[in-house]
Chemist: 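Okay, here's the structure, questions in a sec.
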2 protein chains.
Amino acid sequence: MARGFCHRHGNERPCSCSMGNIYRYVEPVTLYLLKLKGRAYGYELGNYLREHALTDSEVDRAALYRTLRQLETNGFVTSEWDIGGGGPARRLYALTQAGVDHLAEWLVVLRQMAGAMNRFVDDADKLIVSDTKDLQTAATVENE
Amino acid sequence: MARGFCHRHGNERPCSCSMGNIYRYVEPVTLYLLKLKGRAYGYELGNYLREHALTDSEVDRAALYRTLRQLETNGFVTSEWDIGGGGPARRLYALTQAGVDHLAEWLVVLRQMAGAMNRFVDDADKLIVSDTKDLQTAATVENE
DNA sequence: GATAATATATGCAAATAACATCTACATAGT
DNA sequence: ACTATGTAGATGTTATTTGCATATATTATC
């Protein structure tokens with residue numbers, strides 16, 4: 001999906017097959033930020049990325065630049081050089097309609113993943129908590 | 001963390017740094033299943049893994065076996081050969097206390113990730129929905 | 001005795017990630 | 001003028017991870 005295609009589910013539906021790892025969720029956050037800001041260049045996005053990241057991990061600028069080029073190759077964003085305003089030339093990116101659609105697909109997947117994670121955590125928590133209770137009971141018994 | 005250590009946050013706290021990709025969440029689900037079932041062998045776990053998976057992706061048995069050996073190396077599980085009951089020998093795994101603690105750390109991280117995902121999806125949804133509204137408004141105007 | 005199912009494990013190519021490095025321009029300080 | 005610093009984009013290298021194929025061994029079934 002990160003490359004526009006999952007070879008297991010094809011295009012039948014958005015899936016999280018190759019989404020667990022590809023660029024550590026840089027892609028959806030980048031799409032989101034572009035949607036939010038209208039247009040932006042990579043270096044700038046790199047600064048906002050951190051606060052919207054889905055994990056604790058630092059986002060490698062190299063990964064961001066590569067993701068942007070990849071997104072462009074796939075037709076999800078367009079770019080043009082911006083020479084003007086002082087400093088080195090910057091590449092201005094903007095979302096395409098396909099990009100918006102792709103973001104929407106990511107949202108389906110991420111919502112589903114978040115749901116699965118929450119259910120998992122709840123289930124696992126119960127298991128562990130019941131354990132703690134046992135220990136407390138044991139301790140109480142021991143103290144009598 | 002999957003290997004028991006994150007070289008960015010060290011051991012100060014559970015983090016999701018290397019959790020976006022390592023074995024596609026096979027590790028926490030494996031720990032959970034072992035906690036749930038008391039003891040189990042790899043092939044068996046492979047069958048339950050699917051229904052508790054956090055993503056759509058099929059879990060490769062090779063990855064599961066490798067994860068189990070890794071967990072053992074890190075002291076999170078122990079194993080012993082089970083010759084008895086018909087068929088090829090199976091390796092019976094069980095959680096250690098360190099394994100339970102490790103699962104608890106995963107829960108912290110996964111809860112946090114799920115939260116981040118939900119917030120992200122909500123934010124992004126608003127953006128896209130407001131877009132749709134604009135389109136609807138435009139369409140309405142157009143139809144007048 | 002051939003075949004299938006169970007069970008664990010390894011080998012290898014390809015995909016990904018982490019980290020370092022490179023180019024280039026501009027500005028500020030000395 | 002020279003140097004350092006910050007901005008901006010991009011590539012190269014190496015290590016890790018993944019996906020898929022394959023190997024090995026035991027039992028059950030035909």
Side-chain angles (χ1 to χ4, degrees), chain A residues 1-9 15-27 30 39-49 53 55-73 77 79-93, chain B residues 1-9 15-27 30 39-49 53 55-73 77 79-93:
Chain A
M1 182 100 154
R3 286 149 303 176
F5 182 74
C6 157
H7 49 96
R8 202 166 332 257
H9 294 119
C15 66
S16 55
C17 280
S18 50
M19 291 195 157
N21 55 334
I22 304 288
Y23 289 141
R24 200 163 276 163
Y25 310 111
V26 173
E27 193 177 287
T30 302
R39 48 185 22 217
Y41 51 97
Y43 194 85
E44 188 187 6
L45 289 174
N47 298 328
Y48 295 113
L49 214 47
T55 69
D56 292 331
S57 63
E58 282 308 319
V59 173
D60 188 8
R61 282 217 145 80
L64 173 58
Y65 286 123
R66 277 194 253 246
T67 301
L68 283 167
R69 304 320 309 278
Q70 196 60 49
L71 285 171
E72 186 165 24
T73 306
V77 304
S79 79
E80 51 179 303
W81 284 106
D82 172 19
I83 312 294
R90 43 182 80 169
R91 200 186 272 277
L92 264 178
Y93 284 97
Chain B
M1 182 93 157
R3 283 150 303 175
F5 182 73
C6 158
H7 49 96
R8 202 167 332 260
H9 294 120
C15 65
S16 55
C17 279
S18 49
M19 290 195 157
N21 56 332
I22 305 288
Y23 288 140
R24 199 163 277 162
Y25 311 109
V26 173
E27 193 177 288
T30 302
R39 47 186 23 217
Y41 52 96
Y43 195 84
E44 189 187 6
L45 289 174
N47 298 327
Y48 295 112
L49 215 47
T55 70
D56 292 330
S57 63
E58 283 306 321
V59 172
D60 187 9
R61 282 217 144 81
L64 173 58
Y65 285 123
R66 278 194 255 246
T67 300
L68 283 167
R69 304 319 306 276
Q70 196 60 49
L71 285 171
E72 186 165 26
T73 306
V77 304
S79 80
E80 52 180 302
W81 283 106
D82 172 20
I83 312 294
R90 42 183 79 166
R91 200 185 272 277
L92 264 180
Y93 285 95

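Order of the sequence lines fixes the chain letters, A, B, ..., with proteins taken first and strands second; residue numbering starts at 1 for each chain.
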Chemist: Nearest whole angstrom, please: distance from the C1' of D:dT11 to the CG of A:Asp60.
Modeler: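 Distance, rounded to whole Å: 12 Å.
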
Chemist: Encode nucleotides 3-9 of chain D as B, S and - characters from 5' to 3', where the letter depends on protein heavy atoms closer than 4.0 Å: B to the base, S only to sugar-phosphate, - to neither.
Modeler: ----BBB

Chemist: Rounded to the Å, how far apart are B:Gln70 CD and C:dT8 P?
Modeler: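 After rounding, the reported distance stands at 18 Å.
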
Chemist: Check nucleotides 12-15 of chain D against the protein and report each pair of N or O atoms closer than 3.5 Å, with its distance, or say if there are none.
Modeler:
| unit_1 | atom_1 | unit_2 | atom_2 | d |
| --- | --- | --- | --- | --- |
| D:dG12 | O6 | A:Arg66 | NH2 | 2.3 |

Chemist: Starting at CG of B:Asp60, measure out to OH of B:Tyr65 and round the result to the nearest 0.5 Å.
Modeler: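 Answer for the CG-OH pair, B:Asp60 versus B:Tyr65, is 10.5 Å.
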
Chemist: Side-chain donor-acceptor contacts of residues 79-90 of chain A below 3.5 Å, not counting sequence neighbours, with atom names and distances?
Modeler:
| unit_1 | atom_1 | unit_2 | atom_2 | d |
| --- | --- | --- | --- | --- |
| A:Ser79 | OG | A:Glu72 | OE1 | 3.1 |
| A:Ser79 | OG | A:Glu72 | OE2 | 3.0 |
| A:Ser79 | OG | A:Arg91 | NH1 | 3.1 |
| A:Glu80 | OE2 | A:Arg39 | NH2 | 3.4 |
| A:Arg90 | NH1 | A:Tyr41 | OH | 3.2 |

Chemist: To the nearest Å, how far apart are B:Asp82 CG and C:dT8 C1'?
Modeler: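 Checked: the CG to C1' distance equals 13 Å.
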
Chemist: Tell me, do B:Leu45 and B:Leu68 make a side-chain contact under 4.5 Å, heavy atoms counted?
Modeler: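 They are in side-chain contact.
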
Chemist: Work out which heavy atom in B:Leu71 is nearest to a heavy atom in B:Glu27; give both atom names and the distance.
Modeler: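 B:Leu71 and B:Glu27 have their closest heavy atoms at CD2-CG, 3.7 Å.
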
Chemist: Just verifying a value: how many Å separate B:Leu92 CG and B:Glu44 CD, rounded to the nearest 0.5 Å?
Modeler: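 With rounding to 0.5 Å, CG (B:Leu92) is 8.0 Å from CD (B:Glu44).
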
Chemist: Quick one: A:Ile83 CD1 to C:dA24 P, roughly how many Å, whole number?
Modeler: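 My rounded result for the distance is 14 Å.
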
Chemist: Expressed as a whole number of angstroms, how long is the span from B:Leu71:CG to C:dA9:C1'?
Modeler: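 Distance, rounded to whole Å: 16 Å.
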
